[in-house]
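The first residue of the sequence shown is numbered 1, and numbering continues consecutively from there. Because the structure is predicted, anything quoted here is derived from the model rather than measured.
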Amino acid sequence: MQTDYALRVLLHAAASPDVRLAIADVAAKHRISRNHLMKIVNQLASIGLLTTVRGRGGGFSLARDPASITLGEVVRQVEPTLQPADCGNCVLHRGCGLTPILGDAMDAFLSVLDNKSLADAMAESAVDFVRLEPELSFAKFEQDGSTEVETGTSGSDNRSE
């Protein structure tokens, strides 16, 4: 699962604490395919960060107070094999001076995230998740099931799965 999408979903849920969010609505607003978002929501629910309700009127919401969810916890749960480089498959592995440096860098990265909560991220956010507009062409993609997404932008944000 991709950490960036998981964090977006958690921020969106934190911004609407009294609302059960619909996967289709959040998927359209964040330009994430509904199927992919469903997988993300299921994983976040399985690790206790979201609660879900199935069926008509169903959806998801934050399972805990945003102040109790550290960003480090989210990253570790979503990306358990997080590493800056694949040192294990490198021919230089045994004598490389980068391995301990990259390990220290990862420790520092996670330490910063351990000291910041979802509530801290919400406090720093200038995004109004409630008023976030869905990407119109992506919403059409979700409705008609077409395989091409044309949003008028380029780059890796136009993922369909």
Side-chain angles (χ1 to χ4, degrees), residues 1-86 105-106 109-110 112-161:
M1 182 188 357
Q2 297 163 355
T3 305
D4 58 338
Y5 289 157
L7 290 169
R8 284 190 228 175
V9 167
L10 291 170
L11 282 170
H12 202 115
S16 305
D18 301 324
V19 176
R20 189 176 303 139
L21 300 168
I23 286 180
D25 291 341
V26 175
K29 288 181 177 189
H30 291 275
R31 294 189 327 209
I32 304 170
S33 84
R34 192 171 43 219
N35 288 338
H36 189 64
L37 185 64
M38 209 175 309
K39 292 174 189 175
I40 292 168
V41 167
N42 284 334
Q43 183 178 8
L44 292 171
S46 73
I47 59 179
L49 297 176
L50 294 177
T51 57
T52 59
V53 175
R54 297 183 74 159
R56 188 170 180 87
F60 66 92
S61 59
L62 210 53
R64 298 182 358 217
D65 177 17
S68 74
I69 300 172
T70 69
L71 301 179
E73 172 189 4
V74 175
V75 169
R76 283 183 182 89
Q77 292 284 342
V78 173
E79 299 287 347
T81 59
L82 186 66
Q83 56 184 5
D86 184 13
M106 185 56 62
F109 171 71
L110 291 171
V112 169
L113 295 179
D114 286 339
N115 289 305
K116 296 294 180 180
S117 70
L118 194 56
D120 295 328
M122 284 303 302
E124 294 288 327
S125 181
V127 175
D128 185 352
F129 287 93
V130 175
R131 290 192 169 93
L132 191 63
E133 291 295 323
E135 178 65 38
L136 295 177
S137 61
F138 195 81
K140 179 186 178 304
F141 160 77
E142 285 293 322
Q143 290 171 357
D144 69 16
S146 59
T147 57
E148 302 240 348
V149 179
E150 294 184 23
T151 63
T153 61
S154 62
S156 60
D157 284 356
N158 300 333
R159 299 177 192 138
S160 62
E161 187 79 28

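- By the 4.5 Å heavy-atom criterion applied to side chains, Val9 and Leu50 are counted as neighbours.
- Not one N or O on the side chain of Ser125 forms a donor-acceptor pair closer than 3.5 Å with the backbone of Met122.
- The CG atom of Leu71 lies 9.0 Å from the CG atom of Asp114; values are rounded to the nearest 0.5 Å.
- Two residues are said to be in side-chain contact when any heavy atoms from C-beta on lie closer than 4.5 Å; Val26 and Val41 fail this criterion.
- With contacts defined as side-chain heavy-atom distances shorter than 4.5 Å, the pair Ile47/Glu73 does not qualify.
- Distance check: Ile69 CD1 to Leu7 CG gives 10.5 Å after rounding to the nearest 0.5 Å.
- The two residues Val78 and Ala6 have their closest heavy-atom pair at CG2-CB, 4.0 Å.
- When all heavy atoms of Ser117 and Ala67 are compared, the closest pair comes out as CB-O, 3.6 Å.
- When side chains are defined from C-beta on, Glu124 does not count as touching Lys116, because their heavy atoms never get closer than 4.5 Å.
- Note that CG of Leu21 and OG1 of Thr52 are 12.5 Å apart. Values are rounded to the nearest 0.5 Å.
- One distance of note links OG1 of Thr3 with CG of Leu82; it measures 7.0 Å at 0.5 Å rounding.
- When all heavy atoms are compared, the tightest approach of Gly48 to Ala63 is O-CB, 3.4 Å.
- Looking at Ile23 and Phe60, their side chains come closer than 4.5 Å, going by heavy atoms from C-beta outward.
- Using a distance-only test at 3.5 Å, with no hydrogens or angles considered, a donor-acceptor pair links the side chain of Arg8 to the main chain of His30.
- Residue Ala13 comes nearest to Ser61 through the heavy atom pair CB-C, 4.5 Å, listed as atom of the first residue, atom of the second, then distance.
- A distance of 8.0 Å separates NE2 of His12 from CG of Asp25, quoted to the nearest 0.5 Å.
- Here CG of Leu49 is found 5.5 Å from CG of Leu10. Values are rounded to the nearest 0.5 Å.
- Listed for the Asn42 side chain is no donor-acceptor partner under 3.5 Å among the backbone atoms of Lys39.
- Counting heavy atoms from C-beta on, the side chains of Leu11 and Leu118 come closer than 4.5 Å.
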